[in-house]
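FYI, the numbering just counts along the sequence from 1. Note that ligands are numbered from 1 as they come in the structure, with each ligand's atoms numbered from 1 the same way.
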Amino acid sequence: MRIAVVHGPNLNLLGVREPEVYGTGTLADIDRALEALGREVDTEVESFQSNSEGRILDYLAEIRDRVDGVLINPAGLGHTSVALLDGLLATSKPFAEVHLSNPASRESFRRHSFLTPAAVGVVAGFGVDSYLSGFRCLNNYLVRRSATAS
Ligand code: DQA
């Protein structure tokens with residue numbers, strides 16, 4: 001299996017950005033933890049972060065033939081972007097949505113995500129463990145799916 005991990009806008013600032021909400025770990029820490037988990041479950045991980053919606057859409061278009069699924073923290077774009085939903089759907093690959101914080105427990109504008117209805121599943125509120133659980137669940141889903149397809 002090969003899973004693309006996409007980190008949306010401002011997640012490059014993890015560690016210094018609102019640490020009381022997002023913790024003190026950095027994006028590099030998250031990517032390292034996902035790499036280690038990928039090795040454990042024998043799945044390749046490629047990671048991408050951008051503050052630009054257009055660059056994220058270009059990246060999604062580029063990976064459609066080389067990954068089996070996408071793990072995405074859409075950050076603020078999840079609340080605003082139909083284009084991001086369309087970009088994910090255009091990959092024709094299953095995706096899981098993760099959030100470090102629990103958006104449902106925060107401001108009301110964070111309660112809606114354009115992605116959630118199309119995601120295989122969502123993990124939110126557990127910091128880096130949201131990513132690790134989301135990755136494990138998506139990987140199990142992909143492995144089971146490929147076993148039933150063959
Ligand atoms: C976030 C939650 C979003 O509401 C916010 O815009 C982010 C980060 C999270 O990981 O908790 O940038 O996706």
Scan the side chains in residues 132-145 for donor-acceptor partners under 3.5 Å anywhere in the protein, sequence neighbours excluded, and list what turns up.
| from | atom 1 | to | atom 2 | distance (Å) |
| --- | --- | --- | --- | --- |
| Ser133 | OG | Asp129 | O | 2.8 |
| Arg136 | NH2 | Glu40 | OE2 | 2.9 |
| Asn139 | OD1 | Thr43 | OG1 | 2.6 |

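For Ala118 against Leu85, the heavy-atom pair with the smallest separation is CB-CD1, 3.8 Å. The minimum heavy-atom distance between Asn10 and Asn51, with the atom names listed, is N-OD1, 2.7 Å. What you find for Ala75 and Pro9 is that their closest heavy atoms are CB-O, 3.3 Å.
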Distance dump, ligand 1 polar atoms to protein, N/O, under 3.5 Å:
| from | atom 1 | to | atom 2 | distance (Å) |
| --- | --- | --- | --- | --- |
| ligand 1 | 4 (O) | His79 | NE2 | 2.7 |
| ligand 1 | 4 (O) | Arg110 | NH1 | 2.9 |
| ligand 1 | 6 (O) | Gly76 | N | 3.2 |
| ligand 1 | 6 (O) | Arg110 | NH1 | 3.1 |
| ligand 1 | 10 (O) | Asn73 | ND2 | 2.8 |
| ligand 1 | 10 (O) | Leu100 | N | 2.8 |
| ligand 1 | 11 (O) | Leu100 | N | 3.3 |
| ligand 1 | 11 (O) | Ser101 | N | 2.8 |
| ligand 1 | 11 (O) | Ser101 | OG | 2.6 |
| ligand 1 | 12 (O) | Arg17 | NH1 | 3.2 |
| ligand 1 | 12 (O) | Arg17 | NH2 | 2.9 |
| ligand 1 | 13 (O) | Asn73 | OD1 | 2.8 |
| ligand 1 | 13 (O) | His99 | ND1 | 2.7 |

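A donor and an acceptor atom, one from each side chain of Asp31 and His7, are located under 3.5 Å apart. Under 3.5 Å, the side chains of Tyr59 and Glu46 contain a donor-acceptor pair of N or O atoms.
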